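Working notes for the structure below.
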There are 2 protein chains.
Amino acid sequence: MRLTTDKLADILREHNYKVTPQRRVVVDVLVHSNEHMTPSTIYEKARQKHPRVGLVTVYRTLDILSGLGLICELHTLDNNHSYLMRETDKPHHHLICSECGKVIDFTDCGLGALEKRLSLETGFEIEEHLLEFHGLCCHCQTITAKREKNEKTAT
Amino acid sequence: MRLTTDKLADILREHNYKVTPQRRVVVDVLVHSNEHMTPSTIYEKARQKHPRVGLVTVYRTLDILSGLGLICELHTLDNNHSYLMRETDKPHHHLICSECGKVIDFTDCGLGALEKRLSLETGFEIEEHLLEFHGLCCHCQTITAKREKNEKTAT
DNA sequence: TCACTAACTGAAAACGTTTTTCAATTAGCA
DNA sequence: TGCTAATTGAAAAACGTTTTCAGTTAGTGA
């Protein structure tokens with residue numbers, strides 16, 4: 001179940017954060033996007049809704065939301081931070097379309113056994129793991145296929 | 001089997017890269033470290049051996065070595081690029097000590113089944129995955145345990 | 001051995017992202 | 001309504017990384 005902007009505002013208040021217009025706008029941008037976005041993308045979208053939002057405030061709001069576990073931070077391959085609303089309470093991982101940025105969550109990564117094995121073999125006390133899958137979503141596969149076909153005809 | 005600086009110099013020459021003193025020093029730093037290092041750490045260590053090395057050259061050399069698949073690039077949690085000599089030809093992943101930076105390679109991540117399942121369920125064409133384990137190595141566990149004990153006695 | 005040339009170099013500047021600083025503003029409470 | 005701590009944006013600083021450019025050099029062929 002996806003949280004609304006109002007519900008998120010309540011959560012912020014519950015944690016003694018003030019709900020300013022700027023924060024509402026940033027939250028709103030996140031709530032209404034299905035793709036992961038970098039801070040500057042969020043900033044641009046936020047400005048369209050409310051010109052009096054600064055990039056600094058975007059960063060600060062993302063910090064707060066991240067700290068409360070309300071948004072996910074993606075460690076994408078090109079090493080840009082990227083954020084999106086968290087869809088589930090459970091620990092999970094992401095499957096990310098490298099073309100359009102669409103993100104699908106999945107739980108049950110099945111790495112428990114591997115983690116145990118590695119821990120035994122190496123003596124490491126494993127604290128966490130980072131797992132992301134990258135590829136093309138259904139939609140972008142067809143687009144890419146079409147484009148490649150056209151390029152072939154062109155040459 | 002670990003490659004030597006000389007062997008790596010040969011590989012560079014084979015690929016029509018000149019083997020300059022600066023490149024040798026950067027390679028040497030990498031060869032003689034068991035930990036992953038950021039470009040600026042490599043830069044500092046390189047300068048100790050040979051003061052006439054610029055940070056730019058470190059970046060350029062890392063690019064070359066990375067392009068030839070001779071070093072691994074780590075996507076660490078704090079989003080800093082970090083590099084270390086590649087120990088194996090096989091595709092592999094890393095187990096990283098968050099305290100001392102020690103890295104252990106492992107193959108057989110066993111994610112093939114999960115990848116297939118996700119592909120079927122979501123229609124994604126999965127191109128690659130990013131997997132890293134983070135934790136404390138044997139040695140750092142005991143150090144941390146000692147420190148915590150001392151802190152308890154102190155208070 | 002030398003001389004040539006493409007490849008390579010470091011310093012400086014440019015770049016994009018993120019953080020810090022600070023004086024002015026404001027949300028939420030009494 | 002008025003108070004106050006929290007929040008704001010602009011500007012500057014602080015990063016890590018890349019680009020530019022004129023001077024230098026490794027490796028080749030004579």
Side-chain angles (χ1 to χ4, degrees), chain A residues 5-6 8-29 36-68 71 73-83 101, chain B residues 5-6 8-29 36-68 71 73-83 101:
Chain A
T5 306
D6 284 340
L8 282 158
D10 288 343
I11 296 176
L12 284 176
R13 259 186 292 260
E14 275 167 30
H15 288 85
N16 295 319
Y17 291 110
K18 293 185 179 174
V19 177
T20 63
Q22 290 89 338
R23 283 183 182 165
R24 278 192 83 89
V25 171
V26 172
V27 167
D28 210 54
V29 168
H36 62 96
M37 295 174 290
T38 61
S40 55
T41 306
I42 296 169
Y43 171 61
E44 279 164 31
K45 297 206 179 197
R47 292 207 121 199
Q48 285 166 23
K49 300 191 186 208
H50 186 310
R52 293 194 52 226
V53 179
L55 181 56
V56 193
T57 299
V58 172
Y59 275 99
R60 286 190 279 228
T61 307
L62 290 173
D63 264 358
I64 293 170
L65 296 172
S66 188
L68 295 174
I71 57 176
E73 193 182 75
L74 298 189
H75 303 262
T76 54
L77 295 177
D78 53 358
N79 248 56
N80 275 335
H81 280 159
S82 216
Y83 298 84
Chain B
T5 305
D6 284 340
L8 282 158
D10 288 343
I11 297 176
L12 284 176
R13 258 185 293 259
E14 275 167 31
H15 287 86
N16 295 319
Y17 292 110
K18 292 187 178 170
V19 176
T20 62
Q22 290 88 339
R23 283 183 182 165
R24 278 192 83 89
V25 170
V26 172
V27 167
D28 211 54
V29 167
H36 61 97
M37 294 174 290
T38 61
S40 56
T41 304
I42 295 169
Y43 171 61
E44 279 165 31
K45 296 205 177 197
R47 292 206 120 201
Q48 286 166 21
K49 300 191 187 209
H50 186 309
R52 293 193 54 226
V53 179
L55 181 56
V56 192
T57 298
V58 173
Y59 275 100
R60 286 191 277 229
T61 308
L62 290 173
D63 265 357
I64 293 170
L65 296 172
S66 189
L68 295 174
I71 56 175
E73 193 182 75
L74 298 190
H75 303 261
T76 54
L77 294 177
D78 53 358
N79 249 54
N80 275 336
H81 280 160
S82 216
Y83 299 84

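In the text below, chain A, chain B and the rest are named by the order of the sequence lines, each starting its count at 1. Here the structure is a predicted model, which means the values were calculated and not measured.
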Could you pull out every donor-acceptor pair under 3.5 Å between side chains of residues 15-25 of chain B and any protein atom, sequence neighbours left out?
from     : atom 1 : to       : atom 2 : distance (Å)
His15(B) : ND1    : Ile11(B) : O      : 2.9
Thr20(B) : OG1    : Arg23(B) : N      : 3.2
Arg23(B) : NH1    : Lys18(B) : O      : 2.9
Arg24(B) : NH2    : Asp6(B)  : OD1    : 2.5

Each nucleotide in nucleotides 16-26 of chain D should get exactly one letter: B, S or -. Can you fill that in based on protein heavy atoms under 4.0 Å? SBBBB-----B
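Considering only side-chain N and O atoms, Arg23(B) lies under 4.0 angstrom from the phosphate OP1 or OP2 of dT9(C).
Atom NE2 in His15(A) sits about 18 Å away from atom C1' in dT7(D), given to the nearest Å. The CD1-P distance, from Ile42(A) to dT18(C), rounds to 10 Å in whole Å.
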Arg13(A) vs Asp10(A), test: salt bridge (Lys or Arg N to Asp or Glu O under 4.0 Å). Steps then yes/no. CA-CA 5 Å; Arg13(A) 259 186 292 260; Asp10(A) 288 343; 3.5 Å; yes
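The line from OH of Tyr83(A) to OG1 of Thr41(A) is 12.0 Å long, rounded to the nearest 0.5 Å. A distance of 12.5 Å separates NE2 in His75(A) from CG in Asn80(A), rounded to the nearest 0.5 Å.
Applying the salt bridge (Lys or Arg N to Asp or Glu O under 4.0 Å) definition to pairs two or more places apart or across chains, those involving residues 43-58 of chain B are Asp28(B)-Lys49(B).
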